[in-house]
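Because the structure is predicted, anything quoted here is derived from the model rather than measured. Quick note on labels: first sequence line is chain A, next is B, and so on, each numbered from 1.
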There are 2 protein chains.
Amino acid sequence: MQDLHTEQNRQANIEEAIVSGVLSARIRPGTRLSENQLATLFGVSRTLVREAMMRLETRGIVQVSPRRGWFVVEPSAEEAMTVYAARRVIESGLLRGMRGLTDEGRKVLAAHLDEEKAAMAAGDRRRLTCLMGDFHIRIAELHGNPILVEIMRDLTARTILISMLYQSEFHAAQSHRGHCRIFAAMAKGDFVRAAELSIEHLDEVETGLDLTARADPLSDLRLSLSLPADTAPKTSRRSGARKT
Amino acid sequence: MQDLHTEQNRQANIEEAIVSGVLSARIRPGTRLSENQLATLFGVSRTLVREAMMRLETRGIVQVSPRRGWFVVEPSAEEAMTVYAARRVIESGLLRGMRGLTDEGRKVLAAHLDEEKAAMAAGDRRRLTCLMGDFHIRIAELHGNPILVEIMRDLTARTILISMLYQSEFHAAQSHRGHCRIFAAMAKGDFVRAAELSIEHLDEVETGLDLTARADPLSDLRLSLSLPADTAPKTSRRSGARKT
DNA sequence: CTTTTCCTGCTTGTATGCAAGATTTACATA
DNA sequence: TATGTAAATCTTGCATACAAGCAGGAAAAG
């Protein structure tokens, strides 16, 4: 996380630094990404920053508001559902298409689940968020298809942003149990069941979101001032949350 | 294809012009894409061209060879198999997850299959290539998930490049029959069957490829000189499908 | 005739400069 | 005090300039 600009492949480093920041829940949705600041931070000119932003934009992780700035995406409720739907399709297809589980793969998953348990015991929510996403990337890696791994990584990044926006309370235990069930089915070689479980799991997680929370961009402010939900004065300027 | 640079959104136009060129099989794999040429062609500076190339690179459609140039990707045999595997996962997941087929959807697909038949009758291979890919994009569109549509579009682009490299003879009739079978299952509401059929279909198409053809980049040359397959002198440079 | 070396032209890589729009601040005014 | 307006200050958008590396050919050497 420190020597990310090692004079070599600097643009790719900017890109990956931001992705990893999102994947580890260190960068919040709506965060402003100033070209100038990133440029000085990485010791390069705006050009390289710009190119990294372009790439991240096609990956659905950042967004540009013309002449205003670059921002980490803040998925709407609708987009959130789209992301989960896409994940259901891909992950169930992934699991159902699996032939078998190697010993190596079994070890990797078991170790991962242990990590989840440890993080849960430690109550490290950020680490948990990260791990919960990683589980699904691991499965894609097990499948051995680099294209699907890339797709899953980007979808996971968006999922984490979604959970930061809409997840009021963290049902970590429930998610962990879901992962364990999927792993158990895989270990038994029952990939059809594993696929079904993955769909159920994603449904559970999606249901756990409060997708009405951010529908009103003033909700946090209103909440923190304990105002009623209905009286919406025409306060002109936008609150902190960006939206295109 | 002509008024693609209408003074507005010029960078997106460059990107989409190239994607649509690939999707319609008008741009061959390995085609060189000179920043300067594209810049003058679209009446912009290299900067915008470059940004479009960056985006296309993350979409897996072009590739840069450092200080040598940008080229439309030439998927290796291994990459080709990866693309087909990814498509099997996504498309089967897509179909299996479908609830039902609207009358609208039924019409769209039926019309598409008619187009395929017409193109087959006319013997228009380029149009057929395009249509065969489009069928799968249509299915994704029917599912209504924009993320999956985007993914499928990019995978289809790569698939078309693959078929231009490795498809010695075009089993159009076979593919068409496959599409018809998938549609029939969907029309009956049997999406599980449709998913199975899509996997079979993709298997068939992949089997129809000659994935050893381009494994050796000199194969065409060797073949046309009727040299034995084994004596491989270390001639370095790529076979060079250049295009200006 | 073959091999090596150098040189010229062409490619991308990166930084920088300027223009144009958006936002905020300052300020005059009712 | 509230409010509308203008200027100052940010931001990105795009073009251009120059650096650096690769490729191919010409010329020199063997």
Which whole-number value in Å describes the distance from A:Met54 CE to D:dT12 P?
-> 11 Å

Rounded to the nearest Å, what distance is computed from the CD atom of residue B:Gln63 to the C1' atom of nucleotide C:dT12?
-> 15 Å

Counting heavy atoms from C-beta on, name the nucleotide in C:dT14, D:dA15, D:dT12 closest to the side chain of A:Trp70.
-> D:dT12

Would you mind telling me which of A:Val49, A:Leu48, A:Ile14 makes a side-chain contact (heavy atoms from CB on, under 4.5 Å) with A:Phe42?
-> A:Ile14

Rounded to whole angstroms, how far apart are CD on A:Glu51 and C1' on D:dC14?
-> 13 Å

Rounding to a whole Å, what distance do you find between A:Asn36:CG and D:dT9:P?
-> 16 Å

What nucleotide among D:dA15, D:dC14, C:dT14 has an atom nearest to a side-chain atom of A:Leu48?
-> C:dT14

Rounded to the nearest Å, what distance is computed from the CZ atom of residue B:Arg46 to the C1' atom of nucleotide C:dC10?
-> 11 Å

Select from B:Ser34 and A:Arg67 the residue whose nearest nucleotide in DNA chain C is closer to the 5' end of that strand.
-> B:Ser34

Ion pair B:Glu79/B:Arg158, N-O distance below 4.0 Å = no

Roughly, in whole Å, what's the span from CD in A:Gln11 to P in C:dT12?
-> 14 Å

Does OP1 or OP2 of C:dT14 have a side-chain N or O of A:Thr47 closer than 4.0 Å?
-> no

Please identify each residue that fulfils side-chain hydrogen bond (donor to acceptor under 3.5 Å, both in side chains) with B:Glu116, with sequence neighbours left out.
-> B:His112, B:His176, B:His179

Looking just at side-chain N and O atoms, do B:Thr159 and B:Arg87 make a donor-acceptor pair shorter than 3.5 Å?
-> yes

Using a distance-only test with no angle check, is there a side-chain donor-acceptor pair under 3.5 angstrom linking B:Thr58 and A:Thr58?
-> yes

Take the protein atom CZ of B:Phe71 and the nucleotide atom P of C:dC10, then report the distance between them rounded to whole Å.
-> 16 Å

Look at the side chain of A:Arg68 against the base of C:dA22 and say whether a donor-acceptor pair falls under 3.5 Å; ignore hydrogens and angles.
-> no

Where the side chain of B:Val44 is defined as all heavy atoms beyond and including C-beta, which of D:dA15, D:dC14, C:dT12 is the nearest nucleotide?
-> D:dA15

Length of the CZ-P vector between A:Arg10 and C:dT12, whole Å = 19 Å

